[in-house]
Amino acid sequence: MRARAARAGRLTDEQSSFWSAVLVGIAAMAAVDEILFHQLLGWHHFYDGASDAVGLASDGVLHAGELVALIAGFAWMIRLRGTGALIRDYALAGFFVGAGAFQLFDGIIDHKVLRLHQIRYGVAILPYDLAWNAFALLLLAVGAGFLVKARRGARHERFGGGFVAPARGV
């Protein structure tokens, strides 16, 4: 199946399982950030460089993007599951890699490089930045662990039943 997918220019089942879950992981971590830090705690908006109205609008744009990624990722996963092509360990790897990548991108690029917002204001920010990025690295490490397990596995469990021999390269 892998060679046939490559000849057709399509993603393999392993790649599709991984990348569909990356979308869901990105969306899930964006939702946690949006709901917890933007709305419940009110520590920042996605863009804090202008008025509160602009900050709220930027949160709306982030929320819309998160919903698009969530719907696209889940629709892709549902299609894979329906054909018995969704592979559990690759999907778990993708979810954690997506969540960690979002968290790390936000912590490095959004917070420090672009300075769109900080985690909090009026406090010593270093402990917050360290915790934020350490959590991102933890999520990435968990994802990498699942990816190593998937690549080394003797057989892959598919959601929707069945097993398949492992393939290399996602």
Side-chain angles (χ1 to χ4, degrees), residues 1-38 46-47 58-114 116-117 119 131-170:
M1 176 167 297
R2 183 173 176 76
R4 187 173 44 188
R7 280 193 305 270
R10 295 179 294 131
L11 297 176
T12 64
D13 292 348
E14 294 83 0
Q15 292 167 328
S16 292
S17 297
F18 179 82
W19 288 109
S20 63
V22 164
L23 280 176
V24 174
I26 289 170
M29 190 51 62
V32 168
D33 183 22
E34 172 69 25
I35 293 167
L36 182 61
F37 297 103
H38 296 209
F46 183 70
Y47 179 63
S58 70
D59 286 346
V61 170
L62 174 64
H63 193 59
E66 145 209 327
L67 286 176
V68 168
L70 189 66
I71 291 168
F74 270 126
W76 191 358
M77 291 176 83
I78 288 168
R79 187 175 60 83
L80 290 170
R81 188 170 195 274
T83 61
L86 184 61
I87 302 170
R88 185 190 67 184
D89 287 341
Y90 281 99
L92 287 169
F95 176 83
F96 284 103
V97 166
F102 175 86
Q103 183 82 0
L104 191 61
F105 183 88
D106 193 39
I108 302 294
I109 303 300
D110 292 342
H111 294 176
K112 299 305 170 194
V113 174
L114 299 177
L116 295 176
H117 60 264
I119 300 169
W132 194 272
N133 293 322
F135 185 62
L137 294 174
L138 176 66
L139 290 169
L140 287 170
V142 170
F146 275 113
L147 192 55
V148 168
K149 178 184 174 201
R151 288 181 173 176
R152 289 184 179 167
R155 298 185 316 160
H156 297 302
E157 183 177 354
R158 291 176 182 259
F159 288 110
F163 289 87
V164 63
R168 302 286 181 241
V170 170

* Is F74 atom CZ crowded by more than 12 heavy atoms from other residues, nucleotides or ligands, each under 6.0 Å away? -> no
* To do: Identify the heavy atoms of L86 and S20 that sit nearest to each other, and give their distance.
  => CD1-OG, 4.4 Å
* For the residue pair L62 and H38, what are the closest heavy atoms and their distance? -> CD2-CE1, 3.8 Å
* Those residues that, when tested against N133, pass side-chain hydrogen bond (donor to acceptor under 3.5 Å, both in side chains) (two or more places apart) -> none
* To do: Not counting sequence neighbours, which residues clear side-chain hydrogen bond (donor to acceptor under 3.5 Å, both in side chains) with E66? List them please.
  => H63
Spacing of [X] atom [atom1] and [Y] atom [atom2] [to the nearest 0.5 Å]:
{"X": "L116", "Y": "S58", "atom1": "CG", "atom2": "OG", "value": "8.5 Å"}
{"X": "Y90", "Y": "L80", "atom1": "OH", "atom2": "CG", "value": "14.0 Å"}
{"X": "D13", "Y": "T83", "atom1": "CG", "atom2": "OG1", "value": "6.5 Å"}

* Asked: Do any pairs count as a side-chain hydrogen bond (donor to acceptor under 3.5 Å, both in side chains) and have a residue in residues 134-144, sequence neighbours left out, and if so which ones?
  -> none
* Backbone N/O of A85 and side chain of S17: donor-acceptor pair under 3.5 Å -> yes
* Asked: Backbone N or O of F46 within a donor-acceptor pair of the D59 side chain at under 3.5 Å?
  -> yes
In the structure I gave you, are the side-chain heavy atoms of [X] and [Y] within less than 4.5 Å of one another anywhere?
{"X": "M29", "Y": "F135", "answer": "yes"}
{"X": "H117", "Y": "D106", "answer": "yes"}
{"X": "F18", "Y": "L147", "answer": "yes"}

For residues 92-103, dump all side-chain donor-acceptor pairs below 3.5 Å to protein atoms at least two apart in sequence or in another chain.
{"unit_1": "Q103", "atom_1": "NE2", "unit_2": "W132", "atom_2": "O", "d": "3.4"}

* To do: Could I get the full list of side chain to side chain contact (heavy atoms under 4.5 Å, CB included) partners for I78, not counting sequence neighbours?
  => none
* **Contacts of L23 that satisfy side chain to side chain contact (heavy atoms under 4.5 Å, CB included) - sequence neighbours left out** => A69, A72, W76
